[in-house]
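Written below as structure tokens is the structure these notes are about.
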Number of protein chains: 2
Amino acid sequence: MSKQTTEMLKGTLEGIVLAILAVQPAYGYEITARLRDQGFSDIAEGTVYALLVRIEQRGLVDVEKVPSEKGPPRKVYSLNAQGGEYLEEFWGTWSFLAERIEQLHQRIERTNEEGE
Amino acid sequence: MSKQTTEMLKGTLEGIVLAILAVQPAYGYEITARLRDQGFSDIAEGTVYALLVRIEQRGLVDVEKVPSEKGPPRKVYSLNAQGGEYLEEFWGTWSFLAERIEQLHQRIERTNEEGE
DNA sequence: GATCGCTATTCAGTGTTGCTATCTACCGGT
DNA sequence: ACCGGTAGATAGCAACACTGAATAGCGATC
């Protein structure tokens with residue numbers, strides 16, 4: 001993965017995973033797979049598991065151990081009320097940032113057009 | 001500043017500053033002021049200076065020392081060709097991420113509506 | 001029955017980044 | 001002589017994503 005992508009994911013990957021869990025509970029391996037499906041093809045598994053530990057410790061998700069037919073037991077994560085609040089906050093922060101960056105982008109395009 | 005914002009700025013602040021420089025060359029203190037104007041009200045000065053050192057070392061900007069009437073000499077940064085390329089890459093990475101997150105956001109809103 | 005492949009989780013160590021806090025330095029006005 | 005505003009630099013810290021490897025269960029193949 002490009003270094004740019006890696007750095008940009010800091011602070012957003014957490015929100016992305018919470019958003020995935022908001023749609024439907026899931027376990028680590030499954031979350032990694034969904035991320036890949038949605039275009040984040042190169043996210044390391046270790047990264048996802050570490051993130052899940054963090055959000056669990058912060059009390060944003062509930063965890064349930066479910067035996068698996070093929071492999072060790074799964075830890076199924078689901079977004080709880082606190083996680084829901086946190087996710088709302090995330091959308092707010094994201095919107096703020098996205099708007100400002102979009103403004104900058106458009107301003108540069110205008111500047112280029114004027115300069116040509 | 002919220003911790004969420006701080007983390008989300010990692011990886012994007014660099015692009016934001018390069019974008020500001022793409023509009024017009026500027027020196028550190030001025031860049032900080034522009035960031036504040038554009039809504040990033042709590043970005044620490046130390047953060048900006050450190051970032052400028054990094055992008056200078058990577059050769060993304062040209063630097064010129066200009067004496068100031070009120071204070072020590074200014075270091076005026078301007079985006080060079082390499083920085084321009086890097087900024088283009090940044091827009092690409094940003095668009096990719098923004099699209100995916102927007103998709104997730106909309107999917108959650110649909111899920112909520114169906115559930116109500 | 002030993003190995004291989006897939007599922008599933010965990011962990012130690014690394015690099016990058018933004019923040020805090022502080023320091024230096026120049027200048028004009030009081 | 002001092003203070004406030006301008007301007008830049010730096011050391012130490014915390015958070016986060018990545019790398020690479022280890023552990024473990026299960027089914028199928030050889």
Side-chain angles (χ1 to χ4, degrees), chain A residues 1-18 25-36 40-58 60-61 63-77 86 90 93 97, chain B residues 1-18 25-36 40-58 60-61 63-77 86 90 93 97:
Chain A
M1 193 161 35
S2 80
K3 213 186 95 191
Q4 252 185 5
T5 309
T6 292
E7 290 306 321
M8 222 179 273
L9 280 176
K10 291 189 182 177
T12 52
L13 183 57
E14 192 176 286
I16 292 170
V17 169
L18 290 175
Y27 54 96
Y29 196 80
E30 194 183 3
I31 292 170
T32 306
R34 291 221 191 134
L35 286 170
R36 293 198 204 286
F40 300 103
S41 51
D42 293 316
I43 290 186
E45 276 184 43
T47 299
V48 175
Y49 287 111
L51 193 157
L52 289 172
V53 169
R54 282 202 302 273
I55 61 178
E56 181 186 354
Q57 281 174 350
R58 278 195 244 149
L60 305 178
V61 288
V63 185
E64 195 190 355
K65 269 214 168 163
V66 178
S68 165
E69 294 142 15
K70 34 182 177 176
R74 298 165 172 168
K75 283 176 74 177
V76 175
Y77 295 84
Y86 188 85
F90 171 79
T93 307
L97 187 62
Chain B
M1 193 158 37
S2 80
K3 212 185 96 190
Q4 252 184 6
T5 310
T6 292
E7 289 307 321
M8 224 178 271
L9 278 176
K10 293 187 181 179
T12 52
L13 183 56
E14 191 176 287
I16 292 170
V17 168
L18 290 176
Y27 53 97
Y29 196 79
E30 194 182 2
I31 292 171
T32 307
R34 291 218 192 137
L35 285 169
R36 293 197 203 287
F40 301 102
S41 51
D42 293 315
I43 290 185
E45 276 183 47
T47 299
V48 175
Y49 286 114
L51 192 157
L52 290 171
V53 168
R54 283 202 301 272
I55 60 178
E56 181 185 355
Q57 281 174 350
R58 276 195 247 148
L60 306 178
V61 288
V63 186
E64 194 190 357
K65 269 212 168 164
V66 178
S68 164
E69 295 141 13
K70 33 181 177 176
R74 299 166 172 168
K75 282 178 74 175
V76 175
Y77 294 83
Y86 187 86
F90 171 80
T93 308
L97 187 61

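No hydrogens, no waters, no symmetry mates; every other heavy atom, side chains included, goes into these values. Chain letters run A, B, ... following the sequence lines, proteins first and then strands; every chain starts at 1. Source: prediction; values computed, not measured.
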Here the side-chain hydrogen bond (donor to acceptor under 3.5 Å, both in side chains) pairs for residues 26-35 of chain B, sequence neighbours left out, are B:Y27-B:R74, B:E30-B:R34

Spacing of [X] atom [atom1] relative to [N] atom [atom2], expressed in whole Å:
X: A:Y29; N: C:dG5; atom1: OH; atom2: C1'; answer: 10 Å
X: A:Q4; N: C:dG15; atom1: CD; atom2: C1'; answer: 16 Å
X: B:Q57; N: C:dT17; atom1: CD; atom2: C1'; answer: 14 Å
X: A:L52; N: C:dT10; atom1: CG; atom2: P; answer: 9 Å
X: A:K65; N: C:dA8; atom1: NZ; atom2: P; answer: 14 Å
X: B:F40; N: C:dT17; atom1: CZ; atom2: P; answer: 17 Å
X: A:M8; N: C:dT16; atom1: CE; atom2: C1'; answer: 14 Å
X: B:I55; N: D:dG8; atom1: CD1; atom2: P; answer: 13 Å

Does B:R58 have any salt bridge (Lys or Arg N to Asp or Glu O under 4.0 Å) partners at least two apart in sequence or in another chain, and if so, which?
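Expected list: B:E14.
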
Applying salt bridge (Lys or Arg N to Asp or Glu O under 4.0 Å) to B:R54 and not counting sequence neighbours gives none

Value rounded to 0.5 Å, distance of [atom1] in [X] from [atom2] in [Y]:
X: B:L13; Y: B:T47; atom1: CG; atom2: OG1; answer: 7.5 Å
X: B:L18; Y: B:I55; atom1: CG; atom2: CD1; answer: 5.0 Å
X: A:I16; Y: A:L51; atom1: CD1; atom2: CG; answer: 9.5 Å
X: A:I31; Y: A:R36; atom1: CD1; atom2: CZ; answer: 12.5 Å
X: A:T12; Y: A:F40; atom1: OG1; atom2: CZ; answer: 7.5 Å

For [X], enumerate each residue passing the side-chain contact (heavy atoms from CB on, under 4.5 Å) test, keeping only those at least two apart in sequence or located in another chain.
X: A:E7; answer: A:K10
X: A:T5; answer: A:M1, A:S2, A:L9, B:T93
X: B:K75; answer: B:E56, B:V63, B:K65, B:Y77

Protein-proximity profile, nucleotides 22-30 of chain D, B/S/- by nucleotide at the 4.0 Å heavy-atom cutoff, equals --BBS----

Heavy-atom contacts, protein to nucleotides 10-18 of chain D, under 4.0 Å, summarised as B (base), S (sugar-phosphate only) or - (none) per nt, yield B----BBSB

Angle separating the five-pair end axes of the helix from C:dG1-D:dC30 to C:dT30-D:dA1, nearest 10°, is 20°

